[in-house]
2 protein chains.
Amino acid sequence: MISVVLLGAGNVATHLYKAFSKAEEVSVAQWYNRTLSSIQSYKNEVDIINDLSKLKVADIYILAVSDDSIAQLSQDLPFENRLIAHTSGSVAMHDLDKKNKISVFYPLQTFSKDADVNFSEVPICIEAYQKENLKVLKDLAKAVGCKAHKIFTDQRQILHLAAVFVNNFTNQLYRIGHEICETKNIEFDILKPLIQETAKKIQDMSPYIAQTGPAKRNDKKTIKRHLKQIENEDHKAIYKLLTASIKKTHNYSLPSNKK
Amino acid sequence: MISVVLLGAGNVATHLYKAFSKAEEVSVAQWYNRTLSSIQSYKNEVDIINDLSKLKVADIYILAVSDDSIAQLSQDLPFENRLIAHTSGSVAMHDLDKKNKISVFYPLQTFSKDADVNFSEVPICIEAYQKENLKVLKDLAKAVGCKAHKIFTDQRQILHLAAVFVNNFTNQLYRIGHEICETKNIEFDILKPLIQETAKKIQDMSPYIAQTGPAKRNDKKTIKRHLKQIENEDHKAIYKLLTASIKKTHNYSLPSNKK
């Protein structure tokens, strides 16, 4: 059994709490947040606190707070030599106060307040100095059904950057698709099977091979008509830049250099 | 039973052939292509031809050829007053030669040569002048398990534009994520669950609500570090433009105007 104290009340903390409390091999000893009201609704399930001096002993303390608060919170912890982990994709492990055993437990997934996440498919990037601490992180990931990946800070930060492209930026393209449909009273729903298939396709083939469409074909006529149809100047700039990017990927490089 | 003659041998034609030949209510009377070799491997299943003068009588002729070839092929057809349909997202219905009954049968999906497509989830955009012809298109869509949507040319062209954003451009962002991972020897596979979840999330919530990440939070520190980490100038330009787009969507507009 791994005892966990959870700190923070954002999307990541809340999703982790739900996953931990469902896992047989994990017990959530306490849930801390600076303002109690955010976690008040869980008071019948778990010991909730807003006073760091009341923190109990546990196998691991998960600091699931905003990037800017991680360093300060780790300094404010009133104990030493215990295992603490932050959950951020972009904060360096050594930003944590070294009076404790520092580590990282970063779930590479997008967490929204109202969307349930199937944790069994979430890769957890873990980092720690000592083998015994890595083992706790690995066991914790396993207990919630996740695969753990040992990733150093510099690689994790690069993954986080790549994640911004495939998640945040992709979602913004969905938003633009939504806006374009709205202007002509077309249901955005009609695009949803295409969106699913686009994501599904690259499970088994590389994005390079999966590409289709006017930019890949260098179909100047269609591109020209599209640019004429786009009324929003911001959308037009994005269309131009991503079309140029696809053309560069597919026309100006030798296919043999690509996978 | 609907009898179909298929014309063309590209990805759309091939996927349509497979869907039609599986459907109980559809019989593929003939498959035409200018060069026989592309469809040679199907000769034991279907009557393959490369001579328009040999076209049999059928309920509908599907012109699944490249956008630029549609008008010419429709002119070259050696018969009149039969139902013909093109399958393009961007070509106007009236580009088809009016000596025949013209229509559109546009499957809104991404078709790659080597990726199987589940047709039951493909929306088919149909267009025709006469009710009786719309019925044939609707029945044909239904026979392969698809939902038909009556969409006029101008709306279909806008849908095709939106599809470029959510499909081709999204796939290019996957490609960039792949490139970023490769530079640091990180497996792209680790991003795949995130890519799936990003697509899945917007099935039940709008892309506006689903957005997360540094641009949405206006997290200047992370954005600045990301820009420092990006080595490729093209990727940097895309990062800047899409970050600005997300900021504009989420900070400079009233949430009450958004869905």
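FYI, side chains are in, hydrogens and waters are out, and symmetry mates aren't considered; it's all heavy atoms of this structure. Naming: A, B, ... by sequence-line order, numbering from 1 per chain.
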Checking the side chain of [X] only, and the main-chain atoms of [Y] only, is there a donor and an acceptor separated by less than 3.5 Å?
{"X": "B/Ser69", "Y": "B/Val65", "result": "no"}
{"X": "B/Ser74", "Y": "B/Asp97", "result": "yes"}
{"X": "B/Thr249", "Y": "B/Ser245", "result": "yes"}

Contact winner vs chain A - [options], heavy-atom pairs under 4.5 Å:
{"options": "B/Asp68, B/Leu242, B/Val91, B/Leu108", "result": "B/Leu242"}
{"options": "B/Lys200, B/Lys216, B/Lys192", "result": "B/Lys192"}
{"options": "B/Val117, B/Ile190, B/Ile186, B/Leu191", "result": "B/Ile190"}
{"options": "B/Lys184, B/Gln196, B/Gln157", "result": "B/Gln196"}

Heavy-atom cut-off 4.5 Å, strictly under: side chain, backbone, both or neither for [X] against chain B?
{"X": "A/Lys201", "answer": "side chain"}
{"X": "A/Thr212", "answer": "both"}
{"X": "A/Thr243", "answer": "both"}

Best-contacting candidate, [options], against chain B by heavy atom pairs under 4.5 angstrom:
{"options": "A/Ile176, A/Val166, A/Asn171", "value": "A/Asn171"}
{"options": "A/Asn168, A/Ile180, A/Asn167", "value": "A/Asn168"}
{"options": "A/Ala162, A/Ala199, A/Gly177, A/Ala163", "value": "A/Ala199"}

Name of the residue among A/Ile126, A/Ile124, A/Leu16, A/Ile62 meeting side-chain contact (heavy atoms from CB on, under 4.5 Å) with A/Leu140: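 So, applying the side-chain contact (heavy atoms from CB on, under 4.5 Å) to A/Leu140 and each of A/Ile126, A/Ile124, A/Leu16, A/Ile62, only A/Ile62 qualifies.
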Of all the residues in residues 146-154 of chain B, which have a heavy atom that comes within less than 4.5 Å of a heavy atom in chain A?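 From residues 146-154 of chain B, the residues near chain A are B/His149, B/Ile151.
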Considering all heavy atoms of both residues, which atom of A/Arg156 and which atom of A/Cys125 are nearest to each other, and what is their separation?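 The answer is CD-CB, 4.4 Å.
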Identify the heavy atoms of A/Asp116 and B/Glu197 that sit nearest to each other, and give their distance.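 Heavy atoms of A/Asp116 and B/Glu197 come nearest at O-OE2, 4.0 Å.
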Side chain, backbone, both or neither: which part of [X] has an atom under 4.5 Å from a heavy atom of chain A?
{"X": "B/Thr222", "answer": "side chain"}
{"X": "B/Lys221", "answer": "side chain"}
{"X": "B/Ala215", "answer": "neither"}
{"X": "B/Asp67", "answer": "side chain"}

Who pairs with A/Asp95 by side chain to side chain donor-acceptor pair (under 3.5 Å), at least two apart in sequence or on another chain?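 With neighbours one apart ignored, the set is empty.
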List the residues meeting side chain to side chain donor-acceptor pair (under 3.5 Å) with B/Asp204, not counting sequence neighbours, and say none if there are none.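 B/Asp204: no side chain to side chain donor-acceptor pair (under 3.5 Å) contacts found.
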Hey, what do you get for [atom1] ([X]) to [atom2] ([Y]), rounding to the nearest 0.5 Å?
{"X": "B/Leu6", "Y": "B/Asn33", "atom1": "CG", "atom2": "CG", "result": "9.0 Å"}
{"X": "A/Ser90", "Y": "A/Ile158", "atom1": "OG", "atom2": "CD1", "result": "11.5 Å"}
{"X": "B/Arg217", "Y": "B/Ile223", "atom1": "CZ", "atom2": "CD1", "result": "8.5 Å"}
{"X": "B/Glu179", "Y": "A/Phe165", "atom1": "CD", "atom2": "CZ", "result": "10.0 Å"}
{"X": "A/Asn185", "Y": "B/Gln155", "atom1": "CG", "atom2": "CD", "result": "7.5 Å"}

Verify whether the ring centers belonging to B/His250 and B/Tyr208 lie closer than 6.0 Å.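 Yes, the ring of B/His250 comes within the 6.0 Å limit of the ring of B/Tyr208, centre to centre.
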Answer yes or no: is there a side-chain heavy-atom contact under 4.5 Å between A/Leu194 and B/Thr110?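 A/Leu194 vs B/Thr110: side chains touch.
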Quick one: which residues of residues 225-238 of chain A reach chain B at under 4.5 angstrom, heavy atoms only?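 Within residues 225-238 of chain A, the residues under 4.5 Å from chain B are A/Arg225, A/His226, A/Gln229, A/Ile230, A/Asp234, A/His235, A/Ala237, A/Ile238.
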So A/Phe188 and A/Tyr174, ring-ring contact (aromatic ring centres under 6.0 Å, His included) or not? Walk me through it. CA-CA 9 Å; A/Phe188 176 64; A/Tyr174 300 162; 7.5 Å; no
